[in-house]
Enquirer: 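This structure is in structure tokens; I'll ask about it shortly.
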Amino acid sequence: MERSTDRATLYGLETAAREGIITIWDRYEAQLPQCNFGLLGVCCRMCLQGPCRIDPFGEGATKGICGATADTIVARNLARFIAGGTAAHSGHAKHLAHTMLKMADGKAPDYSIRDEAKLKAVAARVGVPVDGRPINDIARDVARAGLLEFSEREEPLAWLETTVTPGRMELFTKLGILPMGIDSTIAEVMHATTYGVDADPVNILLTALKCSLSDYAGMHLGTDLSDALFGTPTPRASGANLGTLRADSINVAVHGHNPVLSDIICEVAVEMDGEAVAAGAPGGFNLVGVCCTGMEVQMRHGIPWATSSLSQELVITTGALEAMVVDYQCIQPSIADVAACYHTRVITTMSMAKMPGATHIEFTEEHAKERAREILLLAIEAYPKRDSKRVDIPDITSTAFAGFSTEAIVGALAKVDPEDPLKPLVDNIANGNILGVCLFAGCNDVKATQDENFIVLAKALAKENVLLLATGCASGAFGRHGIFTQEAVAEYAGDGLKAVLTAVGEANGLGGPLPLALHMGSCVDNTRAADVAVAVANYLGVDLDKLPVVATAPEEAMEKAVSIGTWAVTMGLPTHVGVVPPVLGSAAVAGLLTEGIKDVTGGWFIVEPDPAEAAKQLIAAIVERRKGLNLPVPASVAALD
């Protein structure tokens, strides 16, 4: 298997091999063959009497020591995956709520509300009074409302109830999966899956669906508060890939997921640029993004995006990185080991996310700029230690248009029809110019050739006039391979999609089409795409499970991707995953997720490692939805069946 389809990544891997640096690909290959019990999801570690390893084929043990079957064990393990992803996304949101509260109370003077209109819109939606009130008072109440989402309450989660269709809320109530508190739902999963509690795989999966809805609410909360604090993204062009590092500059990478730190770093780096020049770097500071923190600063500040989580080590092996500043999530502990071979400083900033070999500077909102300055001074100190003979930056970059928030998409459509912005989108779906919509999400996984599944799927779907939306590492793949460009439209889009993207782009003064895919943000921003789908569903007066809208995580790797995929299915979307999740040890659980759940929520999982075959199945799901709405199916697409 090729390690990557990205030329810069392959170049970086050659450099790493030459320098004797062990990367994630090397560690993966050293682990092969991996444990089949774990791959199938039938390894149970829920008590100290095990671990129990169940043979789903009946040749060995068929029950754990306590009597748990493979069905029970697989369901428990999956539920805990979802709880882990929910904890990560909602923890991100809780951090933002506390930041906003400190800002409103005057305890975090370096922060402010940059998008008052977004804050007021969120406030009105969740029942916070707006008229005639100072902006900080509104912010304080929105932050408190956000924090109330985490504790046990008598009402449904506001960030769920006010953002989905009425039909979904009725379904969630009917199924008994309506969460009443984010943290309490996570705790419920952990309790239900502990030794001697829930042994019914169907009931366990229902609890997992409830938890995934808490994940959705936490993600939506995080996006809303980020937009209010740091600005709602609007489209802008920036660079992507390892070639965005500069030999004449002090290079600083911001890595992780939370803009609370990285946004301040961007601001202070501008203020300190003269100090970087005085230290001998004529280019001053050059900030680059890694993973989803990189997406946050790319779409709000135009900061170039260097690489994704999977290939994060290769930013260091360029020999030109002075500091990698990390917050939390998707940060490989190995980066400290790689940095030890260079002059690079790895700087951890969050109390929950430290690592041996790194320098820790505790970041606090109360002293945000002061801490940012300390961090950047460490980068300046590292610069003279750079070994110019080891600097090896691949001359490989791509242009990437980023920042298509929900508001930006609606605003672009409003340039076509100011009185009824959604009408151009709905009309073009109805007439077949747009066959359907696909959200690309998820990670890169070392088990798949990096980016291949994303790019094969994107080209196949665009050819059949499917509108492409992207977040997180999916956006990274598209950025590396030129999918976020106008040129990609001419090369890959079908005639109908090309006409729509061109009409909207020209109406917005671009002198050509919108990019082939729309970059909607980091992985926590998946609810932006859900907002677009909900708006269209409400416009048409139907529920989400009727829309020709699908989702895909073709190289998923993290717990967070599992929780996102699960709420997408719970919302009623056919959802593809390209790396087989650890559920095949239970035919019952696998069957429920890929077939049985369709009759319950309207969505289902499509598990298909071959991206070309996955594209056919996603198109088939879109066609099925179009037929359900009595919409025409182009003959060329119908022939694919």
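Below, all heavy atoms of this structure are taken into account, side chains as well, without hydrogens, waters or symmetry copies.
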Enquirer: Closer than 4.0 angstrom, basic N to acidic O: yes or no for Arg168 and Glu161?
Expert: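 Glu161 and Arg168: not salt-bridged.
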Enquirer: Side chain to side chain contact (heavy atoms under 4.5 Å, CB included), that's the test. Do Ile204 and Asp200 meet it? Break it down for me.
Expert: CA-CA 6 Å; Ile204 293 169; Asp200 182 342; 5.7 Å; no
Enquirer: Can you list the steps and then say if Glu296 with Asn258 is a side chain to side chain contact (heavy atoms under 4.5 Å, CB included)?
Expert: CA-CA 8 Å; Glu296 298 279 3; Asn258 197 319; over 6 Å; no
Enquirer: How close do Pro582 and Val74 get, counting heavy atoms only, and between which atoms?
Expert: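 Where Pro582 meets Val74 most closely, the heavy atoms are O-CG1, 4.0 Å.
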Enquirer: Is the shortest side-chain heavy-atom distance between Leu160 and Met169 below 4.5 Å?
Expert: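 In short, these two side chains touch, coming nearer than 4.5 Å.
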Enquirer: Locate the shortest heavy-atom distance separating Ile597 from Gly603; write the atom from each residue and the value.
Expert: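 That closest heavy-atom pairing would be CG2-O, 3.3 Å.
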Enquirer: State, without any angle test, whether Ser334 and Glu313 hold a side-chain donor-acceptor pair at a distance under 3.5 Å.
Expert: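 Short answer, yes.
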Enquirer: Taking only residues two or more places apart in sequence, or in another chain, which ones meet Tyr216 in a ring-ring contact (aromatic ring centres under 6.0 Å, His included)?
Expert: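 For Tyr216, the residues satisfying ring-ring contact (aromatic ring centres under 6.0 Å, His included) (neighbours in sequence not counted) are His220, Trp567.
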Enquirer: Please give me the minimum heavy-atom distance between Leu310 and Ile24, naming the atom from each residue.
Expert: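 Taking every non-hydrogen atom into account, O-CG2, 3.4 Å.
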Enquirer: Test Tyr328 against His92 for side-chain hydrogen bond (donor to acceptor under 3.5 Å, both in side chains), laying out the working first.
Expert: CA-CA 9 Å; Tyr328 44 54; His92 176 158; 5.3 Å; no
Enquirer: Quick one: are Cys438 and Thr552 in side-chain contact, heavy atoms under 4.5 Å?
Expert: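 The answer is yes, as the side chains (C-beta and beyond) meet within the 4.5 Å cut-off.
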Enquirer: Can you tell me if Asp183 and Ser151 form a side-chain donor-acceptor pair at under 3.5 Å?
Expert: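 No donor-acceptor contact under 3.5 Å links the two side chains.
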Enquirer: Are Thr406 and Arg528 linked by a side-chain donor-acceptor pair shorter than 3.5 Å?
Expert: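 Checked: Thr406/Arg528 side chains show no N/O donor-acceptor pair below 3.5 Å.
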Enquirer: For side-chain hydrogen bond (donor to acceptor under 3.5 Å, both in side chains), just list the numbers for Glu365 and His95, CA-CA rounded to whole Å, side-chain angles, deciding distance to a tenth of an Å, and then say yes or no.
Expert: CA-CA 10 Å; Glu365 293 85 353; His95 188 168; 2.7 Å; yes
Enquirer: Could you tell me whether the side chain of Leu439 reaches within less than 4.5 Å of the side chain of Asn526, counting heavy atoms only?
Expert: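 Sidechains of Leu439 and Asn526: in contact.
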Enquirer: Going from CG on Leu175 to OG1 on Thr570, what distance comes out if it is rounded to the nearest 0.5 angstrom?
Expert: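 Reported to 0.5 Å precision, the distance equals 9.0 Å.
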Enquirer: Donor-acceptor check, side chain of Gln617 to backbone of Val607, threshold 3.5 angstrom: yes or no?
Expert: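 Not a single qualifying donor-acceptor pair exists.
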Enquirer: Fit a plane to each ring of Phe454 and Phe440, take the angle between them on a 0 to 90° scale, and name the class: parallel (under 30°), tilted (30 to 60°) or perpendicular (over 60°).
Expert: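 Because their plane-to-plane angle lies in the 30° to 60° range, the rings of Phe454 and Phe440 count as tilted.
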Enquirer: Which pair of non-hydrogen atoms, one from Ala441 and one from Thr471, has the smallest distance, and what is that distance?
Expert: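 That would be CB-OG1, 3.8 Å.
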Enquirer: Quick one: does Arg626's side chain get under 4.5 Å of Leu435's, heavy atoms only?
Expert: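 When only atoms from C-beta onward are counted, Leu435 and Arg626 do touch, with a gap below 4.5 Å.
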Enquirer: Any side-chain heavy atom of Met180 sitting closer than 4.5 Å to one from Thr185?
Expert: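 Counting from C-beta outward, Met180 and Thr185 never come under 4.5 Å.
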Enquirer: Within 45 degrees of the axis of the six-membered ring of Tyr28 and under 6.0 Å from its centre: does Lys447 put its NZ or CZ there?
Expert: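 Here Lys447 fails the 6.0 Å and 45° test against Tyr28.
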Enquirer: State, yes or no, whether a side-chain contact exists between Met219 and Cys523 at a heavy-atom distance under 4.5 Å.
Expert: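 Met219 does not reach Cys523 side chain to side chain.
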Enquirer: Please walk me through it: do Arg45 and Asn77 pass side chain to side chain contact (heavy atoms under 4.5 Å, CB included)?
Expert: CA-CA 9 Å; Arg45 299 177 292 105; Asn77 288 337; over 6 Å; no
Enquirer: For Ser563 and Lys560, indicate whether the former's side chain and the latter's backbone hold a donor-acceptor pair under 3.5 Å.
Expert: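 It does hold such a pair.
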Enquirer: So, does Gln332 use its side chain to make a donor-acceptor pair with the main chain of Ser309 at under 3.5 Å?
Expert: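 Yes, Gln332 side chain to Ser309 backbone: donor-acceptor pair under 3.5 Å.
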Enquirer: Just so I know, are the side chains of Asp55 and Thr62 near enough to count as touching, which here means a heavy-atom distance under 4.5 Å?
Expert: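 Side chain of Asp55 against side chain of Thr62, heavy atoms only: no contact under 4.5 Å found.
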Enquirer: Give a yes or no on whether the backbone of Leu221 and the side-chain of Asp224 come within a donor-acceptor separation of less than 3.5 Å.
Expert: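 Not a single qualifying donor-acceptor pair exists.
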Enquirer: If you measure from CG on Asn444 to OG on Ser311, what distance do you get to the nearest 0.5 Å?
Expert: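 Between atom CG of Asn444 and atom OG of Ser311 there are 6.5 Å.
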Enquirer: Between Asn538 (side chain only) and Ala535 (backbone N and O only), is there a donor and an acceptor less than 3.5 Å apart?
Expert: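 Not a single qualifying donor-acceptor pair exists.
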Enquirer: So Thr575 and Trp604, side chain to side chain contact (heavy atoms under 4.5 Å, CB included) or not? Walk me through it.
Expert: CA-CA 6 Å; Thr575 301; Trp604 69 96; over 6 Å; no
Enquirer: For Arg76, is there an ion pair with Asp71 - N to carboxylate O distance below 4.0 angstrom?
Expert: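 Result for this pair is no, no salt bridge flagged.
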Enquirer: Without hydrogens or angle criteria, can the side chains of His360 and Thr348 be said to hold a donor-acceptor pair below 3.5 Å?
Expert: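 Yes - a donor-acceptor pair under 3.5 Å links their side chains.
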Enquirer: Would you call Lys616 and Asp610 a salt bridge, using N to O less than 4.0 angstrom?
Expert: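 No salt bridge links Lys616 with Asp610.
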Enquirer: To the nearest 0.5 Å, what is the distance between OG on Ser405 and CG on Leu518?
Expert: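 With rounding to 0.5 Å, OG (Ser405) is 10.5 Å from CG (Leu518).
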Enquirer: In terms of side-chain heavy atoms, does His257 have a donor or acceptor partner in Asp327 at a distance below 3.5 Å?
Expert: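 Note: His257 and Asp327 side chains miss the donor-acceptor criterion.
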Enquirer: Could you check whether atom CD of Gln34 has more than 12 heavy atoms from other residues, nucleotides or ligands sitting under 6.0 Å from it?
Expert: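 Count over threshold, so yes.
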Enquirer: To the nearest 0.5 Å, how far apart are OG1 in Thr527 and CE in Met571?
Expert: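 Output value for this atom pair is 9.5 Å.
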Enquirer: Indicate whether any N or O donor in one side chain lies under 3.5 Å from an N or O acceptor in the other, for Ser212 and Asp215.
Expert: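 No pair is found: no donor N or O on one side chain lies under 3.5 Å from an acceptor on the other.
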Enquirer: Kindly say whether Pro554 contributes a backbone atom to a donor-acceptor pair with the side chain of Asn453 at under 3.5 angstrom?
Expert: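 Confirmed, Asn453 side chain pairs with Pro554 backbone.
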Enquirer: Between Asp545 and Arg625, does any side-chain N to carboxylate O distance fall below 4.0 Å?
Expert: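 Salt bridge flag = no for Arg625 with Asp545.
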Enquirer: How about Asp525 and Ser522: does a side-chain donor come under 3.5 Å of a side-chain acceptor?
Expert: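 Yes, Ser522 and Asp525 have a side-chain donor paired with an acceptor closer than 3.5 Å.
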Enquirer: Are Ile82 and Glu559 packed together at the side-chain level, in the sense that at least one heavy-atom pair is separated by less than 4.5 angstrom?
Expert: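 No, every pair of side-chain atoms sits at 4.5 Å or beyond.
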Enquirer: Side chains of Glu556 and His576 only: does a donor on one sit below 3.5 Å from an acceptor on the other?
Expert: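 Side-chain D/A pair, Glu556 to His576: absent.
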Enquirer: Side chain of Ser586, backbone of Val589: donor and acceptor closer than 3.5 Å?
Expert: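 Yes, Ser586 side chain to Val589 backbone: donor-acceptor pair under 3.5 Å.
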Enquirer: Which heavy atom of Ala93 sits nearest to which heavy atom of Gly218, and what is that distance?
Expert: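 Between these two residues, the closest heavy atoms are CB-O, 3.2 Å.
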Enquirer: Of the non-hydrogen atoms in Gln312 and Cys330, which two are nearest, and what is the gap between them?
Expert: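 Residues Gln312 and Cys330, closest heavy atoms: NE2-O, 2.9 Å.
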Enquirer: What is the distance from atom CD of Glu149 to atom CG of Leu157, rounded to the nearest 0.5 Å?
Expert: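 Here the rounded value is 4.5 Å.
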Enquirer: If you measure from OG1 on Thr86 to CD1 on Ile182, what distance do you get to the nearest 0.5 Å?
Expert: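 The OG1 atom of Thr86 sits 8.5 Å away from the CD1 atom of Ile182.
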Enquirer: Considering residues, nucleotides and ligands other than Arg53, do more than 12 of their heavy atoms fall under 6.0 Å from its CZ?
Expert: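 Atom CZ in Arg53 is not crowded, with 12 or fewer foreign heavy atoms closer than 6.0 Å.
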Enquirer: Donor-acceptor check, side chain of Thr72 to backbone of Ala199, threshold 3.5 angstrom: yes or no?
Expert: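 Flag set: sc Thr72 to bb Ala199 pair under 3.5 Å.
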Enquirer: Does atom CE of Met352 have more than 12 heavy-atom neighbours, drawn from other residues, nucleotides or ligands, at distances under 6.0 Å?
Expert: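 No, because the 6.0 Å sphere around CE of Met352 holds 12 heavy atoms or fewer from other groups.
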